[in-house]
Every structure is written in C-alpha cells, then in structure tokens.
Amino acid sequence: MVSTTDEGNVGKLGFTHGMVIQELGWDDDTDDELRVAIEDVIDAEMLDDDAVEVMDAVLLWWRDGDGDLVDALVDAIGPLAEGGFIWVVSPKTGKSGYVDPSEIAEAAPTAGLSQTKVVNLGDWSGSRLESRPRGKR
C-alpha cells in the first residue's frame with residue numbers, strides 16, 4: 001500500500017496520469033515506495049534505460065560515485081519531449097551516496113538545463129531540471 005507521504009511526494013514531482021517516465025540509476029537503495037507511488041499515479045511502469053520512446057520526464061537516481069553527472073544529464077535529455085523535465089534524486093545529507101546540491105546546480109547549465117525546483121523526498125532530495133529556453137545561456 002502506498003502511504004500518503006509517498007503520494008504527496010509524487011505530487012511534488014508533478015507527475016500525472018498517462019505520463020511516460022524513464023527511470024535511470026535504479027539500484028537496491030532506491031525508494032521502492034516512492035517508485036510504486038509514481039507508477040500508481042502515471043498508471044504505468046516507468047521505462048528503463050533501454051526504452052526508445054519519447055519521454056515526458058526522466059527520474060534519475062544519482063549518488064556520489066555514479067560517474068559524470070553532466071554526461072548522465074546529456075544522455076537523459078535525448079529522449080525528452082519538448083517541455084519535458086528531469087528529476088535528479090540523490091540521497092540527503094548524512095546518507096550513503098550523498099551528493100552536494102552544488103554539484104547538481106553546477107552540472108545543470110553545462111548540460112543545457114536550468115534547476116527550477118528542489119524538494120524533500122524523505123531520505124532523498126529531488127532537483128527538477130528543465131531545458132533552458134533557446135537563446136538564453
């Protein structure tokens with residue numbers, strides 16, 4: 001059963017029924033209750049990194065040591081529909097794999113994205129990244 005906290009967290013992410021969402025960076029430590037809540041809201045399973053569909057959004061689980069965040073963001077942008085967005089979800093301060101928020105904030109513009117929102121997701125923190133309007137740098 002999905003808790004009201006997880007339902008509230010999905011609301012913070014802006015996911016709605018029928019959205020096509022790609023999930024990247026899944027591992028044993030991800031928040032399975034949040035994942036189930038997302039899939040309940042969109043009424044579908046999230047797609048993995050092998051998917052070739054056009055995505056409304058990408059959920060990128062990111063931890064310290066996962067590699068180059070700019071490269072991961074550039075790869076995540078590829079299948080995004082116009083107006084699509086990326087959530088970078090990383091462990092909160094004090095948790096294993098913690099990523100300093102400044103790392104995400106610095107990687108975003110290099111990948112052509114703007115950070116528009118940061119939310120608390122329990123043991124995780126989410127940063128919403130969107131494509132910058134053309135002509136703005």
| Are L113 and S131 close enough, and set up right, to give a side chain to side chain contact (heavy atoms under 4.5 Å, CB included), and what steps lead you there? | CA-CA 4 Å; L113 300 165; S131 294; 4.1 Å; yes
| task | Mind running side chain to side chain contact (heavy atoms under 4.5 Å, CB included) on N120 and S125 for me, showing each step along the way? | result | CA-CA 5 Å; N120 175 359; S125 177; over 6 Å; no
| query | Should D27 and R63 be marked as a salt bridge (charged side-chain N to carboxylate O under 4.0 Å, His left out) after you check the CA-CA gap, both sets of side-chain angles, and the distance that decides it? | reply | CA-CA 10 Å; D27 206 340; R63 302 152 205 84; 5.2 Å; no
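Considering only heavy atoms from C-beta on, E103 comes within 4.5 Å of W62 through its side chain. For the pair W87/V119, a side-chain contact is recorded, criterion being any heavy-atom separation below 4.5 Å from C-beta on. No side-chain heavy atom of V99 sits less than 4.5 Å from a side-chain heavy atom of L69. Side-chain contact check for L59 versus L24: every heavy-atom pair is 4.5 Å or farther apart. A heavy-atom distance below 4.5 Å is not found between the side chains of V54 and P79. Put simply, the side chain of I86 reaches to within 4.5 Å of the side chain of L80, judged on heavy atoms. You'll find the side chain of V41 stays beyond 4.5 Å of the side chain of H17, heavy atoms only. A heavy-atom distance below 4.5 Å is not found between the side chains of I38 and N9.
For the pair K92 and D123, the salt-bridge criterion is not met [side-chain N within less than 4.0 Å of a carboxylate O].
For the pair M19 and G14, the tightest heavy-atom approach, listed with the atom from each and the gap, is SD-O, 3.7 Å. In this structure, W124 and T30 approach most closely via the heavy-atom pair CZ2-CA, 3.9 Å. Nearest approach of I77 to A111, heavy atoms of both residues: CD1-O, 3.2 Å.
When only modelled atom types and interatomic distance are considered, E130 and S114 share no side-chain donor-acceptor pair under 3.5 Å.
Between the side chain of D56 and the main chain of V20, a donor-acceptor pair closer than 3.5 Å is present. A donor-acceptor pair is defined here as one N or O able to donate and one able to accept, closer than 3.5 Å; such a pair exists between the side chain of Q22 and the backbone of D48. Side-chain atoms of K12 do not come within 3.5 Å of backbone N or O of L121 as any donor-acceptor pair. Remark: side-chain polar atoms of E39 are paired, donor with acceptor, to backbone N or O of M46 under 3.5 angstrom.
In this pair, F15 and F85 present their aromatic rings parallel. The plane angle is below 30°, not in the 30 to 60° band.
No path of Ile, Leu, Val, Met, Phe, Trp and Tyr side chains, each step under 4.5 Å between heavy atoms, connects V70 with I104, placing them in separate hydrophobic clusters. Residues W26 and V88 do not share a hydrophobic cluster, defined by chaining ILVMFWY side chains whose heavy atoms lie under 4.5 Å apart. V74 and L60 are assigned to two separate hydrophobic clusters, defined by single-linkage of ILVMFWY side chains at heavy-atom distances under 4.5 Å.
The distance from atom CG of D29 to atom CG of D31, rounded to the nearest 0.5 Å, is 10.0 Å. Between the CE atom of M55 and the CD1 atom of I21 there is a distance of 10.0 Å, given to the nearest 0.5 Å. In this structure, I42 CD1 and L13 CG are separated by 11.5 Å, a value rounded to the nearest 0.5 Å.
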